[in-house]
Chemist: 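Shown below is the structure under consideration.
If you're wondering where the values come from, they're calculated on a predicted model, not measured in any experiment.
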Amino acid sequence: SDLHGDFERLLHTDTAFDVWVDTGDFFPNLTRGEVDAEVRYQTNWMAQNDVVSKLVTWLNGRPMISVPGNHDYVSLVEALQSVGVEAHEVTPTGVEVAGFTWAGFREIPWIYGEWNGETHNFDTLVETTWATRPDVLVTHAPAGGLLDGGNGYGIATLASALTWQPHNIKAHFFGHSHEHGGQTLDEMGVLFANGATTIRVHTLE
């Protein structure tokens with residue numbers, strides 16, 4: 001999560017893995033969220049840096065799962081799908097990959113209204129995600145109070161659902177809060193993994 005354009009770090013990951021999970025903010029930014037300018041910039045950045053071709057070689061036939069971040073204005077999933085990669089964008093209605101059901105969303109708590117996916121209300125997103133009964137939760141932002149930095153980046157509605165509503169979730173992958181990037185937490189039988197600015201390998205059973 002939160003590589004912000006420093007994608008070549010992935011290419012040097014030599015630990016074996018089965019699925020690449022990207023939890024957002026893959027792309028660099030040029031502006032403070034001007035949509036047209038960001039779409040042009042991120043599209044050109046991909047082409048100039050041969051991003052898709054390099055990722056295809058690195059993935060070597062393995063699938064990828066992604067939820068975009070608030071700084072992402074073009075679809076990494078669509079770019080990889082266009083060249084035949086098994087790439088999946090996670091949504092509240094879920095996707096089946098590697099024997100698990102993955103579900104989640106990109107939306108983050110409101111900051112200034114400058115970036116993609118900022119919202120004040122998570123009720124429907126969380127309800128739809130829970131109805132999917134996922135094994136793995138994938139969001140860009142953390143749940144409130146769980147490796148969220150304590151600065152309003154966490155989603156309180158998500159924390160409440162994880163605490164009080166029945167679920168099958170084994171792991172929650174996210175980023176957004178750079179302060180806790182690379183840290184994990186085992187709570188309520190769930191592995192919480194904040195991947196912000198880091199590349200980590202986790203095992204699910």
Chemist: State whether the number of non-hydrogen atoms from other residues, nucleotides or ligands found under 6.0 Å of Asn49 atom CG is greater than 12.
Modeler: yes

Chemist: Is the ring centre of Phe173 less than 6.0 Å from the ring centre of His202?
Modeler: yes

Chemist: So, do Thr139 and Arg106 sit near enough that their side-chain heavy atoms are less than 4.5 Å apart?
Modeler: no

Chemist: Mark yes or no for whether Glu118, through its side chain, and Tyr112, through its backbone, hold a donor-acceptor pair below 3.5 Å.
Modeler: yes

Chemist: Determine, using ring centers only, whether Phe7 and Trp58 are less than 6.0 Å apart.
Modeler: no

Chemist: Does the gap between the ring centers of His4 and His178 come in under 6.0 Å?
Modeler: yes

Chemist: Is the count of non-hydrogen atoms from other residues, nucleotides or ligands lying under 6.0 Å from Glu114 atom CD greater than 12?
Modeler: yes

Chemist: Does Gly175 offer a backbone N or O that forms a donor-acceptor pair with the side chain of Asp2 under 3.5 Å?
Modeler: no

Chemist: Please confirm whether the backbone N or O of Thr31 pairs with a side-chain atom of Glu38, one donor and one acceptor, at under 3.5 Å?
Modeler: yes

Chemist: Applying the side-chain hydrogen bond (donor to acceptor under 3.5 Å, both in side chains) criterion to Ser66, which one of Asp72, Asp22, Thr23 satisfies it?
Modeler: Asp22

Chemist: Does Thr93 have any side-chain hydrogen bond (donor to acceptor under 3.5 Å, both in side chains) partners at least two apart in sequence or in another chain, and if so, which?
Modeler: Thr91

Chemist: Show the nearest heavy-atom pair for residues Val126 and Ala161, with the distance to one decimal.
Modeler: CG1-CB, 3.6 Å

Chemist: Quick one: closest heavy-atom pair of Ile108 and Ile111, and the distance?
Modeler: CD1-CD1, 3.8 Å

